Amino acid sequence: MSSDLLSTRFRYALLAFLAGLTALFPAESDALAHDNLVHTTASTDSGWKAGVATEVITPDESMWMAGYAVRNREAEGKQHDLYAKALALEDGDGNQILLVTTDLLGIPTALSNRIRDRIGQAYGLERSAILLNSSHTHSAPVLEGALLDIYPLNEERMQPIHRYTATLEDQVVDLAGRALNRLAPASVSSANGTARFQVNRRNNDAETLHLQTDLNGPIDHAVPVIKVTSPDGELLAIAFGYACHPTVLDGYEWSGDYPGYAQIELEKLYPGTTALFFQGAGADQNPLPRRETRLAIQYGKTLAASVEAVLSGEMQELSPTLSHAYSEVKLPLRETASREYLEQLADESLEYIQRWAKRILKEMDEGKEFARTYPYPVQSWMIGEQPVFSLGGELTVGYANKLKQMYGPDIFVMGYSNDVTGYIPTTRILQEGGYEGHSSHKVYGLPAPWTPDTETMIFQRLIQVANEAGVPHAPPTRNY
């Protein structure tokens, strides 16, 4: 038996042991004041209510685009509009949750906290009941406080970013209010479909992919779907997801990439319906081949067809009950790099790494104390019988696959939720290194990579919030 297999089995055994301990002896919270928010309700006969709202968030002035360090100028027009969309659900006892999806690279910590706090104060929602998810399209605008080292942004270029971020905050808060104010009787159903255009980018060479007969590395082909209908059967909303980077496009036009085209296609197929896309654990998954608009349209239509197949089949009608839990894990960072190493990086050819190293050196000279931990958000919902997990950052697919081993293949897993602060690698990826495991913290401006116990710490807290939200464990499998 290989040492890798022994290590993997040991980690799974450890997680199961921790699950039992958590159930018997709930851990003392080391999180922030709003950590571990839980709300559980019982079913009544009054049924679901749902409300939907949509807001165009395409910038109305020229500004820098997010996602690629090689871009050297502002956006030049659009392929289609960018959107923020909201789906509010209310259960039989009047308790509510709110899902907001956005055609953005990701919402940084400070902005996410402001938005969720304002929604909570205005509408009485706990943080555990609010979920902000970004599609991670690389054809959206730069936001204040996000990825600033990778772009050549002077004060003049920062001004439209400041204005856009302030406007976006107000738009999302207003959007949430409109969805909550439109709550009306509805039915809610869920099911999983399948799509197969994503490829694990760590284990497959994009340049030689056309020569391969087998694909390598872990994947998650699930297409989770939530259907919302009115009492007379009218389709009101479709919330759907997929685990794959929206990196088909790398040009200078605003676009939702393949998720944008999928939403457009579904809203054509079902006039009057709002289609909301949520990103899964797609940090190490790419759509291949790519780099052409026709491919973004093709993948969008492929994903829409997968959703259509789910809607045309049997779906699980969900009981009108809600439960939700939220927590923040204090994820530790490794020691900041040495001055000698940073000075060497400051002379590298890649400009964004030079900017990162020079900023860290400057902050060292100013006597700045670097953060040793990061408040990483995890969240669990039960929408009737449908479990939903959401995690912050660029979540790698191993997290989704392990959660499905623990809680069943039909759960929904969202990455890029409530905060996008960097890549979230598994233990295996941290050991292997590469971009996701070793160097991506420079892109996000973190002073150092995550520590080796990152995955274990995240799963400890995931088990806790799952228990609090009442997520059932998967039944034991039988070997025949």
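What you see is a predicted model; the values in this text were computed from it and never measured.
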When every non-hydrogen atom of M65 is compared with those of G251, the smallest separation belongs to SD-O, 3.7 Å
Does any N or O in the side chain of K85 come within less than 3.5 Å of the main-chain N or O of A275, such that one atom is a donor and the other an acceptor? yes
Provide the closest heavy-atom pair for G393 versus I424 in the form atom of the first, atom of the second, distance. CA-CG1, 4.0 Å
N/O donor-acceptor pair under 3.5 Å between N133 side chain and Q279 backbone: yes
For the pair E292 and R294, evaluate salt bridge (Lys or Arg N to Asp or Glu O under 4.0 Å) and give the outcome as yes or no after the intermediate values. CA-CA 5 Å; E292 295 183 55; R294 65 182 180 87; 2.7 Å; yes
Where L430 and P452 come nearest, the two heavy atoms and their spacing: CD1-CA, 4.1 Å
Do D257 and S135 touch side chain to side chain, with heavy atoms closer than 4.5 Å? no
Tell me the closest heavy-atom pair linking P246 and H136, and the distance in Å. CD-O, 3.5 Å
Answer yes or no: is there a side-chain heavy-atom contact under 4.5 Å between E328 and R127? yes
Just so I know, are the side chains of L104 and L111 near enough to count as touching, which here means a heavy-atom distance under 4.5 Å? no
List the atom of V471, the atom of W381, and the distance in Å for their closest heavy-atom pair. CG2-O, 4.5 Å
Go through the structure and list residues passing side chain to side chain donor-acceptor pair (under 3.5 Å) with K358, not counting sequence neighbours. none
I want to check something: taking the side chain as every heavy atom from C-beta on, are H80 and W254 in contact at a cut-off of under 4.5 Å? no
Using the rule given for ring-ring contact (aromatic ring centres under 6.0 Å, His included), can you reason through F197 versus Y258, listing the C-alpha separation, both sets of side-chain angles and the distance that settles it, and then say yes or no? CA-CA 11 Å; F197 58 82; Y258 79 81; 5.2 Å; yes
Go through the steps for E155 and Q159 under the test side-chain hydrogen bond (donor to acceptor under 3.5 Å, both in side chains), then give the verdict. CA-CA 6 Å; E155 188 53 39; Q159 290 309 307; 2.3 Å; yes
With no hydrogens and no angle check, is any side-chain donor or acceptor of T137 less than 3.5 Å from a backbone partner on S255? yes
For residues 268-287, pull every pair meeting ring-ring contact (aromatic ring centres under 6.0 Å, His included), keeping only residues two or more places apart or in separate chains. F240-F277
Check: E90 side chain, L180 main-chain N or O, donor-acceptor pair, under 3.5 Å: no
For P59 and L82 the tightest heavy-atom approach is CD-CD1, 4.3 Å
Residue that, paired with R118, satisfies side chain to side chain donor-acceptor pair (under 3.5 Å) out of D170, D174, N113: D170
Does T274 reach the main-chain N or O of V52 with its side chain, forming a donor-acceptor pair under 3.5 Å? no
P425 backbone acceptor or donor facing E455 side chain under 3.5 Å: no
Judged by atom type as modelled, is there a donor-acceptor pair below 3.5 Å linking the side chain of R114 to the main-chain atoms of T109? no
Under 3.5 Å: donor-acceptor pair, side chain of W450, backbone of Y423: yes
For Y252 and N72, run side-chain hydrogen bond (donor to acceptor under 3.5 Å, both in side chains): C-alpha distance rounded to whole Å, both residues' side-chain angles, the deciding distance at 0.1 Å, then the answer. CA-CA 10 Å; Y252 289 86; N72 56 20; 3.2 Å; yes
Under 3.5 Å donor-acceptor, Y326 side chain and L131 backbone: no
Within the supplied structure, the quantity of interest is the number of heavy atoms (other residues, nucleotides, ligands) at a distance under 6.0 Å from K301 NZ; does it exceed 12? no
Spell out, as yes or no, whether a donor-acceptor pair under 3.5 Å connects the side chain of S306 to the backbone of T194. yes
